[in-house]
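What follows is a set of notes on a single structure, which appears directly below.
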There are 2 protein chains.
Amino acid sequence: MSEPRTPGLRAQSVYRALRRAIIEQALKPGMKLPEDSIGEQLGVSRTLVREAFNRLSVEGLVELKPNKGASVAYPTLEEARDVFEVRRGLERLVAENLAGRLTPAQAAELEEHVRQEEKAHGQDGPESIRLSGEFHIKLAEMTGNALLLRYVQESSSRCSLILAIYGRPHSSECAVSEHRQLIDALRAGDAAKAAQLMDHHLQSVVTRALLSPRTEPDLRDALSRYALSEGLTPP
Amino acid sequence: MSEPRTPGLRAQSVYRALRRAIIEQALKPGMKLPEDSIGEQLGVSRTLVREAFNRLSVEGLVELKPNKGASVAYPTLEEARDVFEVRRGLERLVAENLAGRLTPAQAAELEEHVRQEEKAHGQDGPESIRLSGEFHIKLAEMTGNALLLRYVQESSSRCSLILAIYGRPHSSECAVSEHRQLIDALRAGDAAKAAQLMDHHLQSVVTRALLSPRTEPDLRDALSRYALSEGLTPP
DNA sequence: GTAAAAGGTATTGTATGCGATTATCCAACA
DNA sequence: TGTTGGATAATCGCATACAATACCTTTTAC
């Protein structure tokens, strides 16, 4: 029952744990992240926690303010639009890259994935959200372009954060039918159509989920963002 | 004459110093980066050096192998193509975003920049290379999209590394005329043409510089990359 | 002479310690 | 009551310390 003795792996574990916790909203946007307590919770020293914070900060999932420590990122609406714009561009690239190059095995894998999405569509637990995100990651993986994959993953994570803040309660899932259409275009080798479908698909996710910021139920929540960004400290 | 007392700034300084050193090839691709000698050189402890390494590793400028430390990244030709492909996609996005949105002041700034490029074109010192890189950074800045800027900067840095390895001696500069054409298209508001020009521009950089890997002057250099990737340790 | 083993040195992974900065709380005062 | 001040506690930035691993050299066996 010993801890992972493999060196460098514990650091990675901390990073992964925090990353998942943020994306799944166990750690909510804006939440303070004290090094000590998190290290204690995870059974590591502050050193490794700081290391994870640094990586997460590069990826835009945590904010790091000098002498004030880390907190889960709380993107502004403007940052949100930036992220979506970049993601659209990246995924358009994915679509173009993949059009006509999809092996039968890959196409089958994607269709199986969509089938799972359909099944999970009824009970919209976290499962449905996770699956629709993974569809896009799978596509990026299939390009074989490691950098493209990393960027898609990163912007995808940030989209999760953004939807957690500004999205309507259950709107973050992609339309399954749009995924199907995309696969068809990819298999047909129609790069332009695939790119356009992807573009439209992501655009519609934004308009469905983001364009109408939900009315903040809690004044405190509504204001804390602005307070924090000004260096104030609401109770 | 005290060191910068501002907290977090020394860490940033280390990061910046190493970053510049790598891009300007003071630290050559594949070079080993021992934590304590670098820390000693920069007057900081290993802690801050490691922090910088982590950030640089996320950005693909250093490789970090468990228990074996850091070294300046040595991208394979395959990784190189990946980076260029992503960069093309990103900069196409920049061009589309900017088309028709350029303020007169911005257009003037770009033209002034191109003029400088022209002037420096004669003596192809590092100045010329730096300027042609900065042109693209300037464009990305003008989009006002922070994430897009970061990605362009990152892929741009990696391109520098790649050209340092595989590029012909003095081929890494962009064609100034292509920059001019691009500005014109942006000012005319022709998004499609701007995107196409940018695409072609970056493509031609690749073919000019990358497609014919220069003959390695040194056997040791030629092999060290493969040796290292196999865990061997050449003298 | 080559190859394997052993020992010592260098370098990394992680924890901890110390000074500095910031946050919290409570009392004194208007 | 509300706010101002300051002492105390919590937290961060960075350096250092120690353990574990890799590296290099020398020795030893065949």
Side-chain angles (χ1 to χ4, degrees), chain A residues 2-18 27 30-58 62-73 220 224 227-235, chain B residues 2-18 27 30-58 62-73 220 224 227-235:
Chain A
S2 64
E3 300 296 316
R5 279 267 155 265
T6 326
L9 200 133
R10 291 202 295 159
Q12 188 121 348
S13 299
V14 174
Y15 162 75
R16 283 180 178 283
L18 290 176
L27 299 172
M31 189 176 282
K32 190 97 202 316
L33 300 173
E35 297 171 356
D36 276 336
S37 39
I38 288 185
E40 202 171 343
Q41 197 73 20
L42 271 56
V44 300
S45 75
R46 293 195 299 132
T47 305
L48 298 193
V49 177
R50 284 177 69 90
E51 198 173 313
F53 283 172
N54 274 309
R55 291 185 60 179
L56 291 166
S57 131
V58 173
V62 318
E63 278 172 28
L64 230 44
K65 291 185 193 163
N67 272 324
K68 303 198 29 194
S71 52
V72 180
R220 215 162 72 159
S224 66
L228 286 170
S229 76
E230 295 298 331
L232 309 173
T233 93
Chain B
S2 61
E3 300 295 316
R5 280 267 154 265
T6 327
L9 199 134
R10 289 204 296 158
Q12 188 120 347
S13 299
V14 175
Y15 162 76
R16 283 180 178 282
L18 290 176
L27 299 172
M31 189 176 281
K32 189 98 203 312
L33 300 174
E35 294 173 357
D36 40 11
S37 42
I38 287 184
E40 202 171 342
Q41 197 72 19
L42 273 54
V44 299
S45 76
R46 293 200 298 132
T47 305
L48 297 193
V49 177
R50 285 177 68 89
E51 197 173 314
F53 283 172
N54 273 311
R55 291 185 59 179
L56 291 166
S57 133
V58 172
V62 318
E63 278 172 29
L64 230 43
K65 291 184 192 164
N67 273 322
K68 300 194 42 190
S71 51
V72 179
R220 211 161 75 154
S224 67
L228 286 171
S229 76
E230 295 299 330
L232 308 173
T233 94

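Just so it is clear: chains get the letters A, B, ... in the order the sequence lines come, proteins before strands, and each one is counted from 1.
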Which residues pass the side chain to side chain contact (heavy atoms under 4.5 Å, CB included) test with B/S37, sequence neighbours left out?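 By the side chain to side chain contact (heavy atoms under 4.5 Å, CB included) rule, B/S37 matches B/P34.
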
Side-chain N or O of A/K68 versus OP1/OP2 of C/dT21: is the shortest distance under 4.0 Å?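 No.
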
Can you pull out the residues from residues 49-57 of chain A that lie within a 4.0 Å heavy-atom distance of DNA chain D?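 Those residues whose heavy atoms fall under 4.0 Å from DNA chain D, taken from residues 49-57 of chain A in numerical order, are A/R50.
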
Between side-chain atoms of residues 46-56 of chain A and protein atoms elsewhere (two or more places apart, or another chain), which donor-acceptor pairs fall under 3.5 Å?
{"residue": "A/R46", "atom": "NH1", "partner": "A/E35", "partner atom": "OE1", "Å": "2.9"}
{"residue": "A/R50", "atom": "NH1", "partner": "A/E35", "partner atom": "OE2", "Å": "2.8"}
{"residue": "A/N54", "atom": "ND2", "partner": "A/R50", "partner atom": "O", "Å": "3.2"}

Nearest atoms (heavy-atom pairs only) where B/S71 meets B/G30: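 It is CB-O, 3.9 Å.
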
Separation of [N] [atom2] from [X] [atom1] (nearest whole Å):
X	N	atom1	atom2	answer
B/E35	C/dA10	CD	C1'	12 Å
B/Q12	D/dC14	CD	P	11 Å
B/I38	C/dT12	CD1	C1'	13 Å
B/N67	D/dA20	CG	C1'	8 Å
A/D36	C/dA15	CG	C1'	12 Å
B/L42	D/dC14	CG	P	14 Å

Using atom names, set out every protein N or O paired with an N or O of nucleotides 15-17 of chain D below 3.5 Å, distance rounded to 0.1 Å.
{"residue": "D/dA15", "atom": "OP1", "partner": "B/R10", "partner atom": "NH1", "Å": "3.3"}
{"residue": "D/dA15", "atom": "OP1", "partner": "B/R10", "partner atom": "NH2", "Å": "3.3"}
{"residue": "D/dA15", "atom": "OP2", "partner": "B/S45", "partner atom": "N", "Å": "3.1"}
{"residue": "D/dA15", "atom": "OP2", "partner": "B/S45", "partner atom": "OG", "Å": "2.7"}
{"residue": "D/dA15", "atom": "N7", "partner": "B/T47", "partner atom": "OG1", "Å": "2.8"}
{"residue": "D/dT16", "atom": "O4", "partner": "B/T47", "partner atom": "OG1", "Å": "3.3"}
{"residue": "D/dA17", "atom": "N6", "partner": "B/R46", "partner atom": "NH2", "Å": "3.1"}

Using side-chain contact (heavy atoms from CB on, under 4.5 Å) as the criterion, point out the one residue from B/V62, B/L33, B/L18 that pairs with B/V72.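 Of the listed residues B/V62, B/L33, B/L18, the side-chain contact (heavy atoms from CB on, under 4.5 Å) partner of B/V72 is B/L33.
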
